[in-house]
Amino acid sequence: MAKLAKLDDIVSLCKRRGFIFQSSEIYGGLASCYDYGPLGVELKNNVKKAWWKSTVQMRDDVVGLDCSILMHPMVWKASGHADKFADLIAECKKCNSRSRVDHLQDKDAEHSDEHTTHADIDAELATAHDMSNKVCPACGAVGQFTEPMPFKLMFETQMGANVDDSMLVQLRPETAQGIFANFKNVLDSTRVKIPFGIAQIGKSFRNEVTTKAFIFRTREFEQAELEFFCEPGTDEQWYQHWKEARFNWYLDLGIKKENLHFRDHDPDELAHYAKACVDVEYKFPFGQGDWQELEGIANRTDYDLRQHQRGIRSLNNWFESDKDLIRTKLIEESEDYLKGPLSYFDDQNKKRFIPYVIEPSAGIDRSALAFLVDAYDEEEVRGETRNLLRFHPALAPVKVAVFPLVKKDGMPEIARRIYDDLKGLFNCFYDEKGAVGRRYRRQDEAGTPFCVTVDGQTKEDNTVTVRDRDSMDQTRVNTTQLRTFLREKLDL
RNA sequence: GCGGGCGUAGCUCAGUGGUAGAGCGUCACGUUGCCAACGUGAAUGUCGUGAGUUCAAGUCUCAUCGCCCGCUCCA
């Protein structure tokens with residue numbers, strides 16, 4: 001029986017065994033930033049590899065991409081992030097709750113202006129906001145607000161070493177826009193035909209108002225995103241397809257079924273671009289055992305490609321607004337937008353359309369955390385606690401550890417040869433120090449699926465023992481068959 | 001951002017204003033022949049950081065940073 005892991009146990013194990021450290025720890029840490037240690041980087045890379053394998057390698061209809069983190073600022077105007085990511089917030093002095101200023105309602109008003117546009121932050125700040133009559137939606141206090149303060153959810157930086165000459169650019173808040181911006185490049189260079197997808201793994205940055213729970217919500221994080229382009233009308237079918245495919249991916253990599261479920265978004269929580277969205281949620285051991293999002297699968301419709309068709313025609317407005325994204329006006333969609341540069345021509349049916357997009361968007365860091373938490377186990381063995389990580393072999397940082405039973409009688413030399421032979425196939429670890437039982441247990445805690453041990457019998461009949469992490473059972477295998485045996489067991 | 005809790009060795013934690021500690025882990029040597037064995041020894045501390053009070057601060061005060069829990073937020 002798997003023990004329910006406490007987050008503290010996981011954090012402690014991560015530090016102790018070199019999975020995850022806090023960033024800049026020797027300086028007291030930097031909030032919300034974490035580093036992956038020697039075992040952690042292997043785990044994380046394996047998560048990415050597994051995603052890439054199932055999403056790109058094993059499919060005939062998906063190609064990969066790796067975009068720069070910095071993009072033309074107008075990308076974020078067209079995508080909507082430049083506007084939607086900046087708000088004026090005021091805080092109620094009485095109950096400390098925060099509200100968007102444009103959502104606040106006057107004492108005598110009948111309803112608030114729910115859909116006020118996100119205006120120029122500087123202009124808004126310069127405008128006097130009469131807060132004296134505003135009602136706090138949380139506690140009902142009137143006129144108790146702080147001065148409005150601006151919130152920018154995108155990271156900004158300067159491009160160009162000459163400070164006077166540098167341009168304000170943003171760190172991408174999602175990798176998806178790099179895919180949309182390259183849609184035409186991929187079409188023109190790869191002979192793909194709709195339906196097809198473009199996949200990408202990479203870092204994104206969001207100035208979250210609140211970070212949370214270890215590596216679960218961080219301001220710098222890694223995403224694995226697929227934009228799957230399909231003909232309008234077939235979108236629902238592909239939405240279902242990817243829902244199922246992505247859910248099974250987690251199960252196939254060992255996540256326990258009872259810890260994973262779907263949560264459909266209510267229509268009013270849908271993002272501005274989405275027609276439908278479902279989250280794959282994992283039951284994390286923080287909070288009150290809350291279900292938390294690992295991945296969102298959204299039907300983004302043709303919103304993004306249409307927006308970029310507007311964006312690329314709006315460059316002059318951007319220059320004329322002194323490159324101020326908020327003041328820049330996007331040109332209205334042209335009447336024949338269906339024939340625009342980001343449209344697709346279906347040769348077979350002689351049809352032109354703007355593709356719909358199904359987007360499975362997974363958080364790599366939070367997936368890695370889920371795999372860690374889910375694999376964590378403690379069990380009683382002869383009155384002692386055995387800590388282990390029951391990783392799926394594909395995710396295990398080290399696949400095989402090789403030991404001499406004792407450090408003498410030529411055993412280390414043989415073990416060393418076996419190790420050298422195996423390490424070209426997959427990540428291996430050699431250890432000859434101390435008692436073999438301790439070495440086994442250490443590997444259990446790192447999640448290593450198999451330990452190969454050279455003993456006295458090895459010299460006589462050329463066999464070694466292969467010890468299984470989960471059952472602790474041992475099998476004798478001839479060294480000539482060892483590679484095949486392990487490959488099969490590891491499914492590599 | 002608010003409220004609560006916490007921060008001492010790699011980890012878990014003890015420490016009454018008066019010499020910096022334990023268990024586990026790590027390392028070395030010996031022993032050992034299959035599951036965190038045993039023996040001997042060793043290394044590891046800006047007590048989160050900075051000020052203040054005091055003859056004296058890990059301990060009291062203030063500030064600050066970080067983590068956890070609960071609100072709040074989450075395109």
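By convention in this document, chain letters (A, B, ...) are assigned in the order of the sequence lines, proteins followed by strands, and residues within each chain are numbered from 1.
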Visitor: What is the distance, to the nearest angstrom, from the CZ atom on A:Phe216 to the P atom on B:rC68?
Guide: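 To the nearest whole Å, that distance equals 13 Å.
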Visitor: Both distances under 3.5 Å, Watson-Crick or G-U wobble: report the partner of B:rU16, or none.
Guide: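 For B:rU16, the partner nucleotide comes out as none, under the 3.5 Å rule.
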Visitor: Please state whether the phosphate of B:rA28, meaning OP1 or OP2, lies under 4.0 angstrom from any side-chain nitrogen or oxygen of A:Lys433.
Guide: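 For A:Lys433, the contact criterion (side-chain N or O under 4.0 Å from OP1 or OP2 of B:rA28) is met.
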Visitor: Taking the P atom of each, how far is B:rC65 from B:rU49, in whole Å?
Guide: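 Looking at atom P only, B:rC65 and B:rU49 are 15 Å apart.
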Visitor: What is the distance from CD1 of A:Ile26 to P of B:rU46, rounded to the nearest Å?
Guide: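 Nearest whole value for this atom pair: 11 Å.
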Visitor: Does B:rC6 pair with anything, Watson-Crick or G-U wobble, both distances under 3.5 Å, and if so, with which nucleotide?
Guide: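 Partner of B:rC6: B:rG66.
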Visitor: When you measure from the centre of the six-membered ring of A:Phe262, is the NZ or CZ of A:Lys243 closer than 6.0 Å and no more than 45° off the axis?
Guide: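 Checked: cation-pi criterion met.
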Visitor: Nearest nucleotide by nearest heavy atom, which residue falls closer to the 5' end of RNA chain B, A:Ala31 or A:Thr453?
Guide: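 On the 5' side of the pair lies A:Thr453.
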Visitor: Check A:Glu379, A:Glu445, A:Glu378, A:Glu380 against A:Arg386 for a salt bridge (Lys or Arg N to Asp or Glu O under 4.0 Å) and give me the one that passes.
Guide: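 Output: one option passes, namely A:Glu379.
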Visitor: Parallel, tilted or perpendicular: which describes the rings of A:Phe183 and A:Phe229, with under 30° parallel and over 60° perpendicular?
Guide: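 Tilted: the ring planes of A:Phe183 and A:Phe229 meet at 30° to 60°.
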Visitor: Does A:Gly434 reach a base, just sugar-phosphate, or nothing at all? Heavy atoms under 4.0 Å.
Guide: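 Contact class for A:Gly434: none.
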Visitor: Is there a Watson-Crick or G-U wobble partner for B:rG39 with both distances under 3.5 Å, and which nucleotide is it?
Guide: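 Across any shown strand, B:rG39 pairs with B:rC29.
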Visitor: In whole Å, measure the gap between the P atoms of B:rC11 and B:rC73 for me.
Guide: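 Here B:rC11 and B:rC73 have their P atoms 35 Å from each other.
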Visitor: Using a cut-off of 4.0 Å on non-hydrogen atoms, how would the nucleic acid contact of A:Asp409 be classed: base, sugar-phosphate, or nothing?
Guide: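 Since a base atom lies under 4.0 Å of A:Asp409, the category is base.
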Visitor: Who does B:rU46 pair with, Watson-Crick or G-U, both distances under 3.5 Å?
Guide: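 By the stated definition (distances under 3.5 Å), nothing pairs with B:rU46.
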Visitor: Choosing from B:rU32, B:rC35, B:rC68, which nucleotide comes nearest the side chain of A:Tyr34?
Guide: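 Among the listed nucleotides, the one closest to the side chain of A:Tyr34 is B:rC68.
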Visitor: Specify the separation, in whole Å, of atom NZ of A:Lys408 and atom P of B:rG30.
Guide: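 In whole Å, B:rG30 P lies 11 Å from A:Lys408 NZ.
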Visitor: Between the side-chain atoms of A:Arg467 and the base atoms of B:rC35, is any donor-acceptor pair under 3.5 Å?
Guide: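 Result: at least one qualifying N/O pair found.
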Visitor: Is it the case that A:Arg206 places NZ or CZ above or below the six-membered ring of A:Phe221, under 6.0 angstrom from the centre and within 45 degrees of the axis?
Guide: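 Relative to the ring axis of A:Phe221, which defines the angle, A:Arg206 lies outside at least one limit.
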Visitor: Between B:rC34, B:rG33, B:rC68, which nucleotide gets closest to the side-chain atoms of A:Phe214?
Guide: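 Nearest listed nucleotide: B:rC68.
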Visitor: With a non-hydrogen cut-off below 4.0 angstrom, is A:Leu270 in contact with a base, only sugar-phosphate, or nothing?
Guide: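 Counting heavy atoms under 4.0 Å across all strands, no contact is made by A:Leu270.
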Visitor: Take atom P in B:rA20 and the same atom in B:rC47, then report the distance between them in whole Å.
Guide: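 The answer is 11 Å between these two P atoms.
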Visitor: Between B:rU46 and B:rA9, how many Å separate the two P atoms, rounded to a whole number?
Guide: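 Pairwise P distance, B:rU46 against B:rA9, rounds to 8 Å.
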Visitor: Distance criterion of 3.5 Å, no angle test: do you see the side chain of A:Asp8 paired donor-to-acceptor with the base of B:rC68?
Guide: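 No.
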Visitor: Rounded to whole Å, how long is the line connecting atom CD1 of A:Ile10 with atom P of B:rC11?
Guide: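 Going from A:Ile10 (CD1) to B:rC11 (P), I get 16 Å.
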Visitor: Under 4.0 Å from OP1 or OP2 of B:rG66: is there any side-chain N or O of A:Gln22 that close?
Guide: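 For B:rG66, OP1/OP2 do not have a side-chain N/O of A:Gln22 under 4.0 Å.
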Visitor: Before accepting this row, confirm whether a basic side-chain N of the pair A:Arg441/A:Glu384 lies closer than 4.0 Å to the acidic partner's carboxylate O.
Guide: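 Judged by the 4.0 Å cut-off on N to carboxylate O distance, A:Arg441 and A:Glu384 do not form a salt bridge.
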Visitor: Could you run down nucleotides 36-44 of chain B 5' to 3' and tag each one B, S or - for protein heavy-atom contact under 4.0 Å?
Guide: BB-------
Visitor: So that I can tick it off, tell me whether A:Asp409 and A:Lys459 are bridged by a salt bridge, with the cut-off set at under 4.0 angstrom between side-chain N and carboxylate O.
Guide: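 A salt bridge is absent here (no side-chain N lies under 4.0 Å from a carboxylate O).
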Visitor: How far does the C1' atom of B:rC13 sit from the matching atom of B:rG17, given to the nearest Å?
Guide: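 Each nucleotide's C1' atom is 22 Å from the other's.
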Visitor: What is the distance, rounded to the nearest whole Å, between atom OH of A:Tyr27 and atom C1' of B:rG50?
Guide: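 From A:Tyr27 OH to B:rG50 C1': 16 Å.
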Visitor: Quick one: label A:Phe21 by what it contacts on the DNA or RNA (base, sugar-phosphate, nothing), any heavy atom closer than 4.0 Å.
Guide: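 Nothing, no heavy atom under 4.0 Å.
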Visitor: Could you tell me how far apart A:Glu378 (CD) and B:rC35 (P) are, to the nearest whole angstrom?
Guide: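 Atom-to-atom, A:Glu378 to B:rC35, this comes out as 21 Å.
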Visitor: Are A:Phe284 and A:Tyr282, when compared by the centres of their aromatic rings, separated by less than 6.0 Å?
Guide: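 Yes: the rings meet the under 6.0 Å criterion.
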Visitor: I'd like the P distance from B:rA37 over to B:rA28, given in whole Å.
Guide: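 About 16 Å, rounded to a whole number of Å.
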Visitor: Which is true for A:Ser32 with a 4.0 Å heavy-atom rule: it touches a base, it touches only sugar-phosphate, or it touches nothing?
Guide: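 Sugar-phosphate: the residue A:Ser32, judged by heavy atoms under 4.0 Å, touches backbone atoms but no base.
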Visitor: From CD of A:Glu174 over to P of B:rC74, roughly how many Å is that when rounded to an integer?
Guide: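 Taking CD of A:Glu174 and P of B:rC74, I get 17 Å after rounding.
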Visitor: Give a yes or no on whether a salt bridge exists between A:Arg438 and A:Asp431, defined as a side-chain N under 4.0 angstrom from a carboxylate O.
Guide: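 No, this pair does not count.
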Visitor: Watson-Crick or G-U wobble partner for B:rG23, using a 3.5 Å limit on both distances?
Guide: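 Paired with B:rC11.
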Visitor: Taking the nucleotide of RNA chain B with the closest heavy atom to each, which residue, A:Asp473 or A:Glu25, is nearer the 5' end?
Guide: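 Here A:Glu25 is the residue nearer the 5' end.
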Visitor: Could you tell me how the ring of A:Phe403 sits relative to the ring of A:Tyr440: parallel (under 30°), tilted (30 to 60°) or perpendicular (over 60°)?
Guide: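 Geometry flag for A:Tyr440 against A:Phe403: tilted rings.
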Visitor: In Watson-Crick or G-U wobble terms, both distances under 3.5 Å, what is the partner of B:rA51?
Guide: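 Partner of B:rA51: B:rU61.
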Visitor: Taking CZ from A:Arg263 and C1' from B:rC74, how many angstroms apart are they, rounded to a whole number?
Guide: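 After rounding, the reported distance stands at 11 Å.
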Visitor: So if I take every side-chain heavy atom of A:Leu405 and compare against B:rG10, B:rC34, B:rC67, which nucleotide ends up nearest?
Guide: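 Within the option list, the nearest is B:rC34.
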Visitor: Quick check for you: among B:rC73, B:rC35, B:rG33, whose closest atom lies nearest to any side-chain atom of A:Arg217?
Guide: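 The answer is B:rC73.
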Visitor: Using the P atom as the reference point in each nucleotide, state the distance between B:rG18 and B:rA51 in Å, no decimals.
Guide: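 The same atom, P, in both gives a distance of 23 Å.
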Visitor: Would a distance-only check, ignoring hydrogens and angles, find a side-chain to backbone donor-acceptor pair under 3.5 Å from A:Lys399 to A:Leu490?
Guide: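 Side chain of A:Lys399 to backbone of A:Leu490, a donor-acceptor pair under 3.5 Å: no, none is there.
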Visitor: Across all strands, who's sitting opposite B:rC34 as a Watson-Crick or G-U wobble pair, both distances under 3.5 Å?
Guide: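 B:rC34 is unpaired by these criteria.
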